[in-house]
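The basis for the numbers below is simple: all heavy atoms, side chains too, and nothing from hydrogens, waters or symmetry mates.
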Amino acid sequence: VKGAPHLEPFVQLCRAEDIKLSVFVAPELEQVEASAALGAAQVELHTGTYCESSGRPRQAELERLRQAASRAHALGLEVAAGHGLNRHNVAPIAALPRIEELNIGHALIADAVFVGLPQTLLDYRAAIARGLDQRQ
């Protein structure tokens with residue numbers, strides 16, 4: 001979003017058609033601030049780096065996500081998070097304050113192929129609940 005003035009016509013179209021604008025951004029404060037300046041209603045923070053890392057790098061990325069979510073909320077943006085989330089890694093993301101929406105698609109459907117959709121939904125709800133129980 002930062003440095004992307006070519007997005008303005010799309011923003012104007014969304015406003016004219018009363019379409020909620022959500023932008024998918026890296027968990028960087030500059031991107032969050034640029035999203036608010038652009039007029040977005042929501043940011044979806046990219047969780048792919050978090051999902052693909054482990055140990056200290058994962059903890060560092062989790063902190064970047066926390067800071068970006070906090071800044072987005074302070075700017076009046078709704079906060080979503082997604083990309084690469086699954087039932088094994090979603091709890092720490094769900095535990096982050098200010099995140100209102102988790103976007104989990106591919107992993108959920110892939111799991112449903114093996115155990116069925118009802119069981120998959122129960123498993124994901126339990127994983128998210130574990131995170132929400134840790135939210136401060």
Side-chain angles (χ1 to χ4, degrees):
V1 176
K2 182 180 172 215
H6 65 278
L7 293 176
E8 189 58 38
F10 301 105
V11 173
Q12 294 301 327
L13 177 63
C14 288
R15 283 190 190 122
E17 297 296 326
D18 199 28
I19 297 170
K20 176 178 149 181
L21 177 63
S22 178
V23 292
F24 186 52
V25 298
E28 299 169 357
L29 298 181
E30 297 84 7
Q31 292 291 353
V32 169
E33 291 165 359
S35 299
L38 186 67
Q42 181 186 63
V43 290
E44 179 179 344
L45 301 175
H46 181 267
T47 57
T49 303
Y50 158 82
C51 293
E52 294 171 2
S53 60
S54 62
R56 286 186 182 161
R58 178 175 266 194
Q59 290 307 312
E61 191 64 14
L62 194 60
E63 179 58 21
R64 278 183 9 120
L65 287 157
R66 187 195 64 72
Q67 289 178 11
S70 179
R71 182 68 181 135
H73 178 76
L75 291 169
L77 297 168
E78 294 175 21
V79 185
H83 188 82
L85 295 174
N86 61 47
R87 71 182 188 279
H88 303 292
N89 63 21
V90 71
I93 300 297
L96 294 175
R98 310 300 185 206
I99 293 182
E100 304 171 51
E101 179 180 303
L102 297 167
N103 293 316
I104 308 169
H106 183 267
L108 191 145
I109 297 304
D111 287 353
V113 168
F114 294 102
V115 299
L117 189 56
Q119 184 60 52
T120 298
L121 293 175
L122 290 172
D123 292 346
Y124 276 81
R125 287 184 69 171
I128 292 167
R130 283 193 300 275
L132 292 174
D133 286 346
Q134 297 172 6
R135 190 174 272 191
Q136 298 175 2

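- The side-chain heavy atoms of V32 and Q67, taken from C-beta on, include no pair separated by under 4.5 Å.
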For residues 15-25, which side-chain N or O atoms pair as donor and acceptor with protein atoms under 3.5 Å away, sequence neighbours left out?
| residue | atom | partner | partner atom | Å |
| --- | --- | --- | --- | --- |
| R15 | NH2 | L38 | O | 3.2 |
| K20 | NZ | E78 | OE1 | 2.7 |
| S22 | OG | Q42 | OE1 | 2.7 |

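- In terms of heavy-atom proximity, A69 sits nearest to P97 at CB-O, 3.9 Å.
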Solution key, residues 120-132 side-chain donor-acceptor pairs under 3.5 Å, sequence neighbours excluded:
| residue | atom | partner | partner atom | Å |
| --- | --- | --- | --- | --- |
| T120 | OG1 | A112 | N | 3.3 |
| T120 | OG1 | G116 | O | 2.8 |
| D123 | OD1 | Q119 | NE2 | 2.7 |
| Y124 | OH | A107 | O | 3.4 |
| Y124 | OH | D111 | OD2 | 2.9 |

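- Atoms CD1 and NE2, from I104 and H83 in turn, are 13.0 Å apart once rounded to the nearest 0.5 Å.
- Partners of E101 under the salt bridge (charged side-chain N to carboxylate O under 4.0 Å, His left out) rule, at least two apart in sequence or in another chain, do not exist in this structure.
- Taking CD of E33 as the reference point, atom CD of E30 lies at 6.5 Å (rounded to 0.5 Å).
- No continuous path of hydrophobic side-chain contacts links L29 to V79 [ILVMFWY only; heavy atoms under 4.5 Å].
- Once rounded to the nearest 0.5 Å, the distance linking CG of L102 with CD1 of I93 reads 8.0 Å.
- Checked by atom type and distance alone, the side chain of S35 pairs as donor or acceptor with a backbone atom of Q31 at under 3.5 Å.
- Residues passing the side-chain hydrogen bond (donor to acceptor under 3.5 Å, both in side chains) test with Q12 are E8, sequence neighbours excluded.
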Problem - Worked verdict on R64 versus E61 for salt bridge (Lys or Arg N to Asp or Glu O under 4.0 Å) - result: CA-CA 5 Å; R64 278 183 9 120; E61 191 64 14; 2.9 Å; yes

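- Rounded to the nearest 0.5 Å, atoms CZ (R71) and CG (L45) are 13.5 Å apart.
- Judged as a side chain to side chain donor-acceptor pair (under 3.5 Å), the pairs with a partner in residues 43-54 (not counting sequence neighbours) are, in order, E44-N103.
- In this view, R98 satisfies the salt bridge (charged side-chain N to carboxylate O under 4.0 Å, His left out) rule with no residue, not counting sequence neighbours.
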